[in-house]
> 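Below you will find the structure I want to go over with you.
Residue numbering restarts at 1 for every chain, and letters A, B, ... go by the order of the sequence lines.
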Number of protein chains: 4
Amino acid sequence: MGARQTKSAGRPRSAGKDAAILRAALELLASHGYTRMSLAQVAAAAGVSKSTIHLRWKTKADLLTAALAAARMVDAPPPSGDTRADLTAILDDFAATVERVRGMALIGTCLAEEAHTPELLALLRERTVLPRRALLCHVLEQARDRGEIRPDADLDAAVSVLLGPFYADYMAGRGGRAGWAEDAVDLVLAGLRPTGP
Amino acid sequence: MGARQTKSAGRPRSAGKDAAILRAALELLASHGYTRMSLAQVAAAAGVSKSTIHLRWKTKADLLTAALAAARMVDAPPPSGDTRADLTAILDDFAATVERVRGMALIGTCLAEEAHTPELLALLRERTVLPRRALLCHVLEQARDRGEIRPDADLDAAVSVLLGPFYADYMAGRGGRAGWAEDAVDLVLAGLRPTGP
Amino acid sequence: MGARQTKSAGRPRSAGKDAAILRAALELLASHGYTRMSLAQVAAAAGVSKSTIHLRWKTKADLLTAALAAARMVDAPPPSGDTRADLTAILDDFAATVERVRGMALIGTCLAEEAHTPELLALLRERTVLPRRALLCHVLEQARDRGEIRPDADLDAAVSVLLGPFYADYMAGRGGRAGWAEDAVDLVLAGLRPTGP
Amino acid sequence: MGARQTKSAGRPRSAGKDAAILRAALELLASHGYTRMSLAQVAAAAGVSKSTIHLRWKTKADLLTAALAAARMVDAPPPSGDTRADLTAILDDFAATVERVRGMALIGTCLAEEAHTPELLALLRERTVLPRRALLCHVLEQARDRGEIRPDADLDAAVSVLLGPFYADYMAGRGGRAGWAEDAVDLVLAGLRPTGP
DNA sequence: AATGAATGAGCATTCATTCAT
DNA sequence: AATGAATGAATGCTCATTCAT
């Protein structure tokens with residue numbers, strides 16, 4: 001598996017073009033939004049013709065879900081064992097990634113298109129949101145095992161509390177606030193601290 | 001009293017049409033997004049001609065910012081003095097309102113359009129986000145004055161922690177989770193509790 | 001005749017508004033052309049409402065023919081008896097008037113609209129072209145009577161030769177050439193000089 | 001020889017469509033004028049879709065300047081060496097061409113649009129007016145060389161006198177007058193005849 | 001008389017998609 | 001495989017004109 005299809009007849013598809021198209025599509029998706037971007041722009045940016053795109057993906061939605069699916073947006077910072085430092089590192093990486101790829105516009109596009117093209121939001125979740133949540137959850141689990149957190153704590157809820165301020169700040173026009181990650185981590189750890197003896 | 005305008009010349013503007021147009025526009029903005037909705041759809045839904053819309057608002061962006069500005073989306077539940085109950089009530093009202101007006105799609109549209117029509121996000125902030133944050137902040141201030149919260153707590157950051165899980169849950173596909181508001185309130189109050197003697 | 005209609009009932013039409021509207025209409029006709037100008041622009045420039053225009057003239061074509069009809073664009077310089085000087089004066093006045101009222105654009109509009117609104121060109125002829133030709137013809141007649149011109153000369157054709165270079169120069173991008181009038185007059189007078197004994 | 005392009009990729013452009021579009025565009029430009037004609041009319045007349053037009057020319061102005069540029073409106077009658085006959089032939093051909101392509105309406109459109117789309121008039125000059133003037137000037141030069149015309153005559157001015165009556169006649173409603181060309185030629189030749197010994 | 005509201009028709013342009021080479 | 005041609009369906013916006021006050 002993972003292997004190429006048994007060589008089909010005719011000229012093979014140019015390997016690099018797929019990547020170039022997907023990259024251009026994702027870029028434009030974030031910068032212009034789903035409806036405002038055009039396949040002509042993607043084609044121009046990727047240096048191919050519009051037909052070449054349609055040859056590979058049937059529709060605009062197909063292309064963009066593929067682009068989102070191909071995106072690799074979560075890089076796990078190496079865990080150190082220090083709960084506070086590890087959580088903060090993950091959150092800072094999250095914020096940095098969002099900024100780097102114009103993530104809030106991308107997120108907005110997926111939300112805005114949810115009624116019309118739900119695959120976009122579904123893919124965004126699967127590829128970027130849930131993996132990052134899993135990282136955070138894993139750190140919290142280890143902290144719980146070490147007794148730094150109440151054993152009955154709802155860790156998924158805690159993950160939402162950790163990530164949430166980022167979104168809330170952005171919506172309030174306070175995006176990019178320094179120290180937001182530490183603040184969130186400290187508050188969660190304080191709130192979930194095991195009750196006294 | 002009432003200082004009635006001395007009847008302006010010409011045919012008066014049909015009373016309900018403004019409201020019908022704005023309502024239709026907001027509805028479509030949430031359900032289709034900025035670029036996918038058309039003025040023709042708004043006109044049809046409101047039962048007026050396209051020209052009537054252009055008579056009142058110069059451009060599509062004008063209309064939609066007006067629709068957003070006219071939306072009344074923050075209803076303050078009466079404060080009871082019970083910090084936990086008051087915060088939870090505000091957060092629950094928030095979640096209910098978002099659900100009622102397809103708020104996440106609307107938010108998504110504003111985020112997606114930020115680069116192209118920043119007024120949308122600006123208005124959303126001014127009209128809905130910041131007023132609700134002010135309500136929460138006010139409750140927290142009173143709690144601090146009563147000694148329920150550390151005097152040096154960063155209340156704005158606390159507000160983001162209160163609201164944030166809503167967004168984070170939605171992004172994770174956990175939107176509508178029961179008890180999210182209580183969880184967030186409890187965690188914040190526990191995290192900000194004054195340190196004992 | 002020429003007297004006002006026997007006082008009709010109701011509020012009389014504002015006198016100045018007619019003039020203001022016609023002036024604005026003519027101005028815009030020259031500067032934007034028939035189809036590119038709008039009644040809204042005329043209304044704004046004249047300080048009235050669009051409806052006020054329609055109250056007086058049924059259609060756009062009606063208004064513009066009226067505006068053209070009202071225009072007074074031929075001022076006869078006083079004849080001196082010197083054929084050469086008189087002809088030159090009329091031609092120079094012609095050129096000056098055309099420049100002052102953006103006449104070539106106006107002429108172009110009337111020509112362009114000939115198939116669709118032939119009244120425009122008809123009025124332009126009647127009000128401006130023919131009166132000026134009559135002036136020139138009169139001077140030539142007197143010259144002929146004085147024996148400066150062959151008795152069998154076709155004076156109407158001569159008038160066209162006098163005026164023509166103005167148009168031909170403009171079309172060639174040589175509009176405003178100094179001395180064009182003298183040149184034309186000299187050439188015509190030389191060409192029509194009575195043949196010697 | 002011929003240096004044939006190495007067959008470009010993709011479906012080749014339908015041969016006749018360019019010509020059909022340009023012809024239809026020029027026809028409509030003359031009959032309706034720039035602003036009154038629509039691309040939909042051009043498309044219908046040429047039997048193509050509107051998009052096909054936009055594929056080839058970016059804007060309406062682009063299309064119409066191209067149509068004007070493609071028009072071949074000056075056919076040089078072969079020179080015979082007889083000054084009077086050659087000049088008359090050129091002028092008659094001029095009048096015939098103008099009539100054939102509804103030239104006065106076209107000229108009117110270019111004049112009317114001068115403020116808004118100056119390329120139209122510029123192209124008309126370059127493609128039709130100036131070439132014809134050059135023909136006339138060439139004949140006059142030869143006449144001068146043969147001593148039929150005063151050596152100090154301003155030939156460009158003479159060209160304007162030759163062509164001018166056509167415009168002036170049209171403006172006066174005397175367009176199509178038989179013999180106008182001969183009259184103009186005779187008058188010019190008489191006016192420019194070398195002075196006797 | 002005068003005005004502002006309201007509208008239907010129309011316009012240039014864009015775009016995702018399909019065709020023909 | 002890859003490309004350029006071709007198209008039908010929108011879209012935001014303008015305008016002359018008619019309606020209601």
Side-chain angles (χ1 to χ4, degrees), chain A residues 8-14 17 35-43 48-63, chain B residues 7-15 17-18 35-43 47-63, chain C residues 8-14 17 35-43 48-63, chain D residues 7-15 17-18 35-43 47-63:
Chain A
S8 58
R11 177 164 155 198
R13 278 189 190 159
S14 162
K17 283 183 178 168
T35 31
R36 223 183 269 280
M37 66 178 290
S38 76
L39 295 192
Q41 292 170 327
V42 177
V48 302
S49 70
K50 278 190 294 175
S51 301
T52 297
I53 297 178
H54 276 284
L55 194 58
R56 287 143 207 254
W57 298 276
K58 217 171 169 151
T59 67
K60 185 180 186 181
D62 277 353
L63 167 63
Chain B
K7 196 179 72 170
S8 66
R11 176 173 170 181
R13 236 169 229 197
S14 168
K17 280 182 177 167
D18 274 72
T35 29
R36 214 187 279 275
M37 67 177 289
S38 76
L39 295 191
Q41 292 169 331
V42 176
V48 302
S49 70
K50 278 193 291 176
S51 303
T52 296
I53 297 178
H54 278 288
L55 180 63
R56 288 162 159 80
W57 298 277
K58 229 172 150 112
T59 66
K60 185 181 184 179
D62 275 356
L63 167 64
Chain C
S8 60
R11 177 164 154 198
R13 280 189 189 158
S14 163
K17 284 181 177 169
T35 31
R36 220 182 270 278
M37 65 178 291
S38 77
L39 295 192
Q41 291 170 327
V42 177
V48 301
S49 70
K50 277 191 296 175
S51 300
T52 296
I53 297 177
H54 276 285
L55 193 59
R56 286 145 209 255
W57 297 278
K58 216 169 170 160
T59 67
K60 186 181 185 179
D62 278 354
L63 167 64
Chain D
K7 192 179 74 173
S8 64
R11 176 172 170 181
R13 238 169 228 196
S14 166
K17 280 182 179 168
D18 274 73
T35 31
R36 216 187 277 277
M37 68 178 288
S38 75
L39 296 191
Q41 291 170 331
V42 176
V48 301
S49 72
K50 278 192 290 175
S51 303
T52 296
I53 297 179
H54 274 104
L55 180 63
R56 288 163 159 78
W57 299 277
K58 229 176 153 108
T59 66
K60 184 181 185 180
D62 276 355
L63 167 63

> Does DNA chain E take part in any stems of at least 3 consecutive Watson-Crick or G-U pairs (both distances under 3.5 Å), and if so, which ones?
E:2-21 with F:2-21
> For B:R56, which residues count as a salt bridge (Lys or Arg N to Asp or Glu O under 4.0 Å) partner, sequence neighbours excluded?
B:D18
> If you assign D:G10 and B:T52 each to the DNA chain E nucleotide with the nearest heavy atom, which residue ends up on the more 5' nucleotide?
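It is B:T52, whose closest nucleotide lies nearer the 5' terminus.
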> Could you tell me how far apart D:D18 (CG) and F:dA6 (C1') are, to the nearest whole angstrom?
13 Å
> List for me each residue that meets side chain to side chain donor-acceptor pair (under 3.5 Å) alongside B:T59, sequence neighbours excluded, and say none if there are none.
none
> Return no unless some side-chain N or O of A:S49 is found under 4.0 Å from OP1 or OP2 of F:dA2.
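It does not, given that no N or O in the side chain of A:S49 lies less than 4.0 Å from OP1 or OP2 of F:dA2.
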> Does OP1 or OP2 of F:dA5 have a side-chain N or O of D:S14 closer than 4.0 Å?
no
> Output the rounded distance in Å from CD (B:Q41) to P (F:dT11).
6 Å
> OP1 or OP2 of E:dC19 less than 4.0 angstrom from a side-chain nitrogen or oxygen of D:R11, does that happen here?
no
> Calculate, to the nearest 0.5 Å, the distance between atoms NE2 and NZ belonging to D:H54 and D:K60 respectively.
10.0 Å
> Check salt bridge (Lys or Arg N to Asp or Glu O under 4.0 Å) between B:R13 and all other residues, then give those that pass, not counting sequence neighbours.
none
> Take D:R36 and B:R13, find for each the nucleotide of DNA chain E with the closest heavy atom, and name the residue whose nucleotide sits nearer the 5' end.
B:R13
> Could you list the residues that satisfy side-chain contact (heavy atoms from CB on, under 4.5 Å) with D:L63, not counting sequence neighbours?
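D:L63 satisfies side-chain contact (heavy atoms from CB on, under 4.5 Å) with D:I21, D:L22, D:A25, D:L39, D:V42, D:I53, D:W57 once adjacent residues are dropped.
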> Tell me, please, which residues at least two apart from B:S38 pass side-chain contact (heavy atoms from CB on, under 4.5 Å).
B:A40, B:Q41
> Whole angstroms only, please: what is the NZ-C1' distance between D:K17 and F:dG4?
13 Å
> Pick base, sugar-phosphate or nothing for B:R56, based on heavy-atom distances below 4.0 Å to the nucleic acid.
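Sugar-phosphate, no base atom in range.
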> Excluding sequence neighbours, so at least two apart, what forms side chain to side chain donor-acceptor pair (under 3.5 Å) with A:S49?
A:T52
> I need the A:T35 OG1 to B:M37 CE distance, nearest 0.5 Å.
11.5 Å
> Between D:L55 (CG) and E:dA16 (C1'), how many Å, whole number?
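Spelled out: CG on D:L55 to C1' on E:dA16 is 15 Å.
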> Quick check: on DNA chain F, is the nucleotide nearest D:I53 upstream (toward 5') of the one nearest B:P12, or the reverse? Name the residue that is more 5'.
D:I53
> Write out a two-atom table: protein N or O, nucleotide N or O from nucleotides 12-14 of chain F, distance below 3.5 Å.
unit_1, atom_1, unit_2, atom_2, d
F:dG12, OP1, B:M37, O, 3.2
F:dG12, OP1, B:K60, NZ, 2.8
F:dG12, OP2, B:L39, N, 2.9
F:dC13, OP2, B:K60, N, 2.9
F:dC13, N4, B:K50, NZ, 2.5

